[in-house]
Trainee: 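One structure follows; several queries about it will come next.
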Amino acid sequence: MRCSAVLAVAILALCPLAAFSQTASAPKVPQKPVQRSAPPQVVAQTPPMGWNSWNFFHRNVTDQDVRHAADQLVSTGMKDAGYIYVNIDDTWEGDRDANGVLHANSKFPDMKALADYVHSKGLKLGIYSSPGPQTCARFAGSLDHEVQDAQLYASWGFDYLKYDLCTFREAVMTAQAPNDKAAQMRLMIAAYDKMNKALKSTGRPIVYSFCQYGWDAVWEWGPSVGANLWRTTGDIQPNWQSIYSILNENAGLAKYAGPGHWNDPDMLEVGNGQSSGPNSPIRYLTSAENRTHFSMWAMLAAPLLAGNDLPNMTPEVRAILTNRDVIAIDQDRLGHEATRAYSDGELDVWTRHLSGGATAIAVINAGSDRYSGHPFHLNLAKLGLHGPLKAKDLWTGKDITLTDNMPIELASHDILLVRIPSPK
Ligand code: GLA
């Protein structure tokens with residue numbers, strides 16, 4: 001029997017002869033302190049918060065952009081509000097050398113130095129790969145190099161991996177099991193588990209983020225192969241249609257989320273926008289859309305990974321991203337995701353149970369400006385509640401009283417988000 005037992009108790013119980021074999025008068029406790037292995041470190045007990053390069057920089061991200069993002073997280077107060085992970089998405093990868101070791105490309109001249117820099121700010125660093133031969137942007141993936149890559153990330157000091165299915169579909173799933181969906185799914189699960197085991201074998205606590213767009217109901221099997229979070233849908237875009245349709249696709253998934261394992265409706269587009277053509281101006285999300293997007297990601301207990309240009313964000317966008325009351329909903333320690341209570345025409349009402357018996361209610365106007373002048377009446381009874389209820393409006397910061405059948409005026413795409421400390 002190996003007697004390098006972890007606990008002194010175990011040594012005493014299982015290896016009495018070895019523990020006391022020297023002499024009859026040997027001390028009853030080992031003279032050298034027993035080496036106890038550290039307990040497994042838990043990650044993502046609340047939804048991870050940070051920043052990711054993809055939504056703003058796409059393929060163009062560089063080492064400098066990542067350093068600037070880290071600087072900004074600190075100087076804008078975002079770090080203090082909980083944004084800790086600085087995540088490099090696709091396009092950092094270079095070539096493998098003769099030993100199969102992957103090197104970063106010229107945009108990232110020294111990953112270890114970058115990790116040290118980010119860590120020196122009290123932040124953590126994330127990286128990106130694919131189980132396929134190539135990533136979605138056609139850079140080197142981890143296929144057949146999973147252990148080697150996991151070791152590389154750990155040696156550089158990474159704390160988070162986003163693992164994106166991409167080319168694994170054609171190169172492995174359809175190639176090996178062309179007409180067998182069940183076999184394809186088994187191949188995919190095995191690939192995610194392979195990297196899970198490779199990450200665990202590094203001994204470094206690394207958040208494991210699945211990105212396979214919600215295929216094959218990943219929320220049902222992801223946690224069993226190590227997922228701390230899993231994308232539930234296709235890619236988000238910086239426009240209302242995309243944000244609202246992702247929100248609706250997440251209705252019904254609440255029961256799968258909880259501490260250590262979260263539904264991921266994709267990274268935030270708060271502060272972003274897009275142009276409809278080469279000569280069109282950028283159409284940014286409106287203030288109302290930014291507020292609603294951020295509020296509802298918090299209600300969904302979603303990872304809050306800002307995806308905007310931090311050095312150039314407006315004070316308004318910064319205020320939205322650092323609203324502590326809304327962040328507290330997201331980070332509530334119970335981890336109970338919101339559910340959609342009811343819809344009434346273009347109005348949706350969601351509720352979320354919070355620790356200490358509190359409740360959050362979100363009312364969204366997904367439609368036109370009609371409700372600006374013609375109020376919607378919130379039916380508290382449909383939420384199992386009765387007015388009057390003392391609440392806080394989390395966007396004005398003011399105390400309000402909710403009454404039965406209360407009239408609410410909401411502009412297009414805007415939200416009322418309230419926290420009720422003692423619902424009845
Ligand atoms: C996929 C993912 C995105 C991003 C890109 C990078 O589309 O869903 O979030 O990571 O790949 O190529």
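It should be emphasised that the depicted structure is a prediction, and the values quoted were computed from it without experimental measurement. In each ligand, atom 1 is the first atom listed, and ligand 1 is the first ligand listed.
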Trainee: Around ligand 1, what residues show up once you keep those with a heavy atom under 4.0 Å from it?
Mentor: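 Shell around ligand 1 (4.0 Å, heavy atoms): Trp54, Asp89, Asp90, Tyr128, Cys136, Ala137, Lys162, Asp164, Cys211, Tyr213, Arg231, Asp235, Met267.
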Trainee: side-chain hydrogen bond (donor to acceptor under 3.5 Å, both in side chains) for Asn248 and Arg340? Distances and angles first, verdict last.
Mentor: CA-CA 9 Å; Asn248 289 327; Arg340 191 170 51 202; 2.9 Å; yes
Trainee: Does any N or O in the side chain of Glu146 come within less than 3.5 Å of the main-chain N or O of Asp144, such that one atom is a donor and the other an acceptor?
Mentor: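 Side chain of Glu146 to backbone of Asp144, a donor-acceptor pair under 3.5 Å: yes, one is there.
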Trainee: With sequence neighbours excluded, tell me which residues meet salt bridge (Lys or Arg N to Asp or Glu O under 4.0 Å) with Asp193.
Mentor: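 Expected list: Lys197.
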Trainee: Would you check if Ile84 and Asp159 make a side-chain contact, meaning some heavy-atom pair closer than 4.5 Å?
Mentor: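 The answer is no; the side chains never approach within 4.5 Å.
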Trainee: By the definition side-chain hydrogen bond (donor to acceptor under 3.5 Å, both in side chains), identify the one residue from Asn263, Asp264, Asn250 that meets it with Thr232.
Mentor: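 When Asn263, Asp264, Asn250 are each tested with Thr232, the side-chain hydrogen bond (donor to acceptor under 3.5 Å, both in side chains) holds only for Asn250.
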Trainee: Can you tell whether the side chains of Lys162 and Asp89 come within less than 4.0 Å, N to carboxylate O?
Mentor: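 Between Asp89 and Lys162 there is a salt bridge, with a charged N closer than 4.0 Å to a carboxylate O.
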